[in-house]
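Presented below is the structure to which this report refers.
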Amino acid sequence: MITCSGERTKLTLQCLTHIISKPPCSPDEEVDYQLIDFYEETKVKFADLSENMLWEYINSGEPMDKAGGYGIQALGGMFVEYVHGDFLNVVGFPLNHFCKQLDLIYNSSTSSSDQENSTVWLSHNGNHAISNLTQPSSANHTHHIQSSPSASPVHKVKRKSSETELNESSMTLVNRLSKHTGDKDSANTTLPLMTSRGQVKELNVTEPEDGEPKKEDLQRICDLLDGFRASKALFTASKMCVFDVLHSRPGGLEAAQVAQEIKASLKGTECLLEACVSLGLLRSKERMYENTDLSTRFLLSDAPFSLRSQILHYNDTVWPIFSHLESGVLEGVSQRDKALSQTSKDQDTLRSSQDSKLRFMNAMHNIAKVTGKAIATAFDLSSFRTACDLGGCTGAMADEFTKAHPGLSVTVFDLPTVVQLREHFQPLHTDNRVSFVAGDFFKDDLPKADLYILARILHDCSDEKLDILLSKIADACTPGCGLLLSEIFLDEDRKGPSRGLLQALGMGEGKQRSATEYSLLLKSHGFMTAHVRYTGNLLDAMLCIKA
Ligand SMILES: C[S@@+](CC[C@H](N)C(=O)[O-])C[C@H]1O[C@@H](n2cnc3c(N)ncnc32)[C@H](O)[C@@H]1O
């Protein structure tokens, strides 16, 4: 057996630099802080290991308290052929990288008087320790750092795709941290800390000595400024079938040929193609354009993981809504009706509701195909025989569940118009284990099942509707029945991921929540959270069991 595992440990350094040069004495005292997330990656190559050897190792007891299942610094070291990277990272603490970060903090942002009273909060895989830094003059880490020696490494990569128990000890950590940051909101929550998806937390600008802004800082702002242009270039190229046209001509096409195929002006086509090259969607060589691997995989209309329909949905629905964002923020309500009636008028055609329903279903179908497998395989569902996918749309998600679980049958429950239109979608399922029932989950009886699936439903429900739906599911469930929830789970500090927070800006009826918030919500309807999985895919998942 050859195993090559990437050891990636996440560290969060929080440097609390007091504005008043004394330690804060009350929870409300203002502090300036800087948050740095970083990773260290180490590759470990294992030798071929016999089963006997593995059992010997298991029986030694050593792996039992090791997050990675082995201790490289002890007996487990015998199995390792080589290590690329920081050995201490595998043991459990990337000391070298940590000290470089300390150096960065002190050499870039603090004055010497601040340094005397600076406190570093070290958050290593959810374990926190404080240290007072008294002599932070160089990278030679003469600072006295008390990190918990028992901090067990939870590898970032695995953490993202691993199960997380929501526990009380996490709450203590948040409260403790919140007190010192004066963050009263988060002090009232019961949230585990370590759920960040590696987002850029803050745009910390470091001014070089000459006072000129740094290029990277300017670039980040310009990237945000141009974000909508890039999105619209992608939407337009997809809508005009540029990627499909190029795919149909191996060897590529010149701009004039593309212009002819998509019936557009030469100047406009050239600009669009060049913009797509700059965005990594196309490549060009000697005036010929062709798709990149990224486009071939996701932008062709018939690719297995095509996102084209989702892109068209963004263009035709999400884009107009976001063009009314200012009103949305002012009024705090969805601008959907206003935006979409405007679009219809602009285009001088009132699209039939069937067309728009189909477009929406196509978009849902795309995402369900891309995310379905990760959700269906997130948990051991072998104890469930029947499932009901509430709001299961075209059945694409149900299909992934039956593929992953040979003993499982899934009933897709959706509105009558959706169930009727599903015939526009090729049946994906190869046997009869996916069936459809038409109904309204707020009003009608739910099909009987041992497992209910709610994928991308709850974030869109008002509190009132949410209560109705969850009460109906709870009534339909006997103890031991499952509820599998799939949504984008916000980080517990609500600072990411951006996808979830930007979706919330659409001002729909519902709201985005963290795993803990969903867990508490489901608990109030009699479901105990069994597992949470951050899939690393577009949607996360939580399995709850009816108590
Ligand atoms: C955002 S889509 C999610 C589709 C699918 N669960 C997925 O993740 O791909 C919401 C789905 O819920 C369905 N839906 C909305 N209201 C419903 C209701 N009252 N009863 C049944 N289905 C409903 C919609 O028709 C749509 O298919």
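As the structure is a prediction and not an experimental result, all values here were calculated from the model. Below, all heavy atoms of this structure are taken into account, side chains as well, without hydrogens, waters or symmetry copies.
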- Query: side chain to side chain contact (heavy atoms under 4.5 Å, CB included) between R456 and I488: does it pass, once the steps are laid out?
  - Reply: CA-CA 8 Å; R456 294 191 286 167; I488 301 169; over 6 Å; no
- Where do F401 and R433 land on the side chain to side chain contact (heavy atoms under 4.5 Å, CB included) test, with the steps shown first? CA-CA 10 Å; F401 274 78; R433 286 187 293 129; over 6 Å; no
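- The shortest side-chain heavy-atom distance between N366 and I311 does not fall under the 4.5 Å cut-off.
- The distance from the OG1 atom of T411 to the CZ atom of F436 is 10.0 Å, given to the nearest 0.5 Å.
- Remark: the backbone N or O of E509 is not paired with any side-chain donor or acceptor of S462 at under 3.5 angstrom.
- The line from CZ of F235 to CG of L312 is 9.5 Å long, rounded to the nearest 0.5 Å.
- Proximity of a side-chain donor or acceptor of H531 to a complementary backbone N or O of A541 within less than 3.5 Å is not detected.
- Checking side-chain atoms of T269 against main-chain N and O of A255 turns up no donor-acceptor pair under 3.5 Å.
- A side-chain donor-acceptor contact under 3.5 Å links S323 to the backbone of P320.
- Remark: R308 fails to qualify as a cation-pi partner of F243 under the 6.0 Å distance and 45° angle criteria applied to the six-membered ring.
- When side chains are defined from C-beta on, T236 counts as touching M240, because their heavy atoms get closer than 4.5 Å.
- The minimum heavy-atom distance linking D380 with S382 is given by the pair OD1-OG, 2.7 Å.
- A salt bridge links D217 with R220: the closest approach of a Lys/Arg side-chain nitrogen to an acidic carboxylate oxygen falls below 4.0 angstrom.
- In this structure the side chain of R494 reaches within 4.5 angstrom of the side chain of E517, judged on heavy atoms.
- Y314 OH: 12 or fewer foreign heavy atoms inside a 6.0 Å radius.
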- Message: For a side chain to side chain contact (heavy atoms under 4.5 Å, CB included) check, start with the C-alpha distance between L299 and N291, then their side-chain angles and the critical distance, and finish with the verdict.
- Response: CA-CA 9 Å; L299 304 182; N291 291 326; over 6 Å; no
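- The aromatic rings of H365 and F425 sit tilted relative to each other, their planes meeting at an angle between 30° and 60°.
- Aromatic ring pairs are classed by plane angle as parallel below 30°, tilted from 30° to 60° and perpendicular above 60°; the pair F298 and F305 is tilted.
- Side chains of T402 and S409 form no contact here, defined as non-hydrogen atoms less than 4.5 Å apart.
- Between L505 and L502, the closest side-chain pair of non-hydrogen atoms falls below 4.5 Å.
- Formation of a donor-acceptor pair under 3.5 Å by the S238 side chain with backbone atoms of L234 is found in this model.
- In this structure a side-chain-to-backbone donor-acceptor pair under 3.5 Å is present from T292 to G280.
- Using a 3.5 Å distance cut-off with no hydrogens or angles, the side chains of T516 and S519 do not pair a donor with an acceptor.
- Here the closest non-hydrogen pair linking A303 and T296 is CB-O, 3.7 Å.
- Here the side chains of V80 and V90 are not in contact, with every heavy-atom distance at 4.5 Å or above.
- Using a 4.5 Å heavy-atom cutoff, the side chains of N96 and L88 are not in contact.
- The closest donor-acceptor contact from the side chain of Q335 to the backbone of V333 lies under 3.5 Å.
- A distance of 9.0 Å separates NZ in K511 from CG in L466, rounded to the nearest 0.5 Å.
- Among all heavy-atom pairs drawn from I453 and A387, the shortest one is CD1-CB, 4.1 Å.
- By the neighbour-count criterion of 12 heavy atoms within 6.0 Å, atom CD of E331 is densely surrounded, having more than that number from other residues, nucleotides or ligands.
- Taking CG of D399 as the reference point, atom CE of M397 lies at 11.0 Å (rounded to 0.5 Å).
- Under the 3.5 Å distance criterion, the side-chain polar atoms of D491 are left unmatched by any main-chain donor or acceptor of D493.
- Between the side chain of E290 and the backbone N or O of L246 there is no donor-acceptor pair closer than 3.5 Å.
- D244 and S301 form a side-chain donor-acceptor contact under 3.5 Å, judged by distance and modelled atom types alone.
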- Task: Applying side chain to side chain contact (heavy atoms under 4.5 Å, CB included), run through V419 and R422 and close with a yes or a no.
- Result: CA-CA 5 Å; V419 173; R422 79 165 202 280; 3.7 Å; yes
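- Between Y518 and F489, the ring-plane angle classifies as tilted under the 30° and 60° cut-offs.
- Summarising the geometry, atom CE belonging to M542 is positioned 11.0 Å from atom CZ belonging to R513; distances are rounded to the nearest 0.5 Å.
- Side-chain atoms of S341 and D337, non-hydrogen and from C-beta on, never get closer than 4.5 Å to each other.
- The two residues Y289 and E274 have their closest heavy-atom pair at OH-CG, 3.6 Å.
- Counting non-hydrogen atoms of other residues, nucleotides and ligands closer than 6.0 Å to CZ of R283 gives a total above 12.
- The distance from atom NZ of K373 to atom OG1 of T535, rounded to the nearest 0.5 Å, is 13.0 Å.
- The salt bridge (charged side-chain N to carboxylate O under 4.0 Å, His left out) contacts involving residues 254-267 comprise R249-E261, where partners must be two or more places apart or lie in separate chains.
- Closest non-hydrogen pair, A404 versus T377, comes out as CB-CG2, 3.8 Å.
- Between the side chain of E487 and the backbone N or O of H459, at least one donor-acceptor pair lies under 3.5 Å.
- Ring centroids of F46 and Y70 are separated by less than 6.0 Å, placing the two rings close together.
- Taking all atoms of both residues into account, the shortest heavy-atom contact from D414 to G392 is OD2-N, 3.4 Å.
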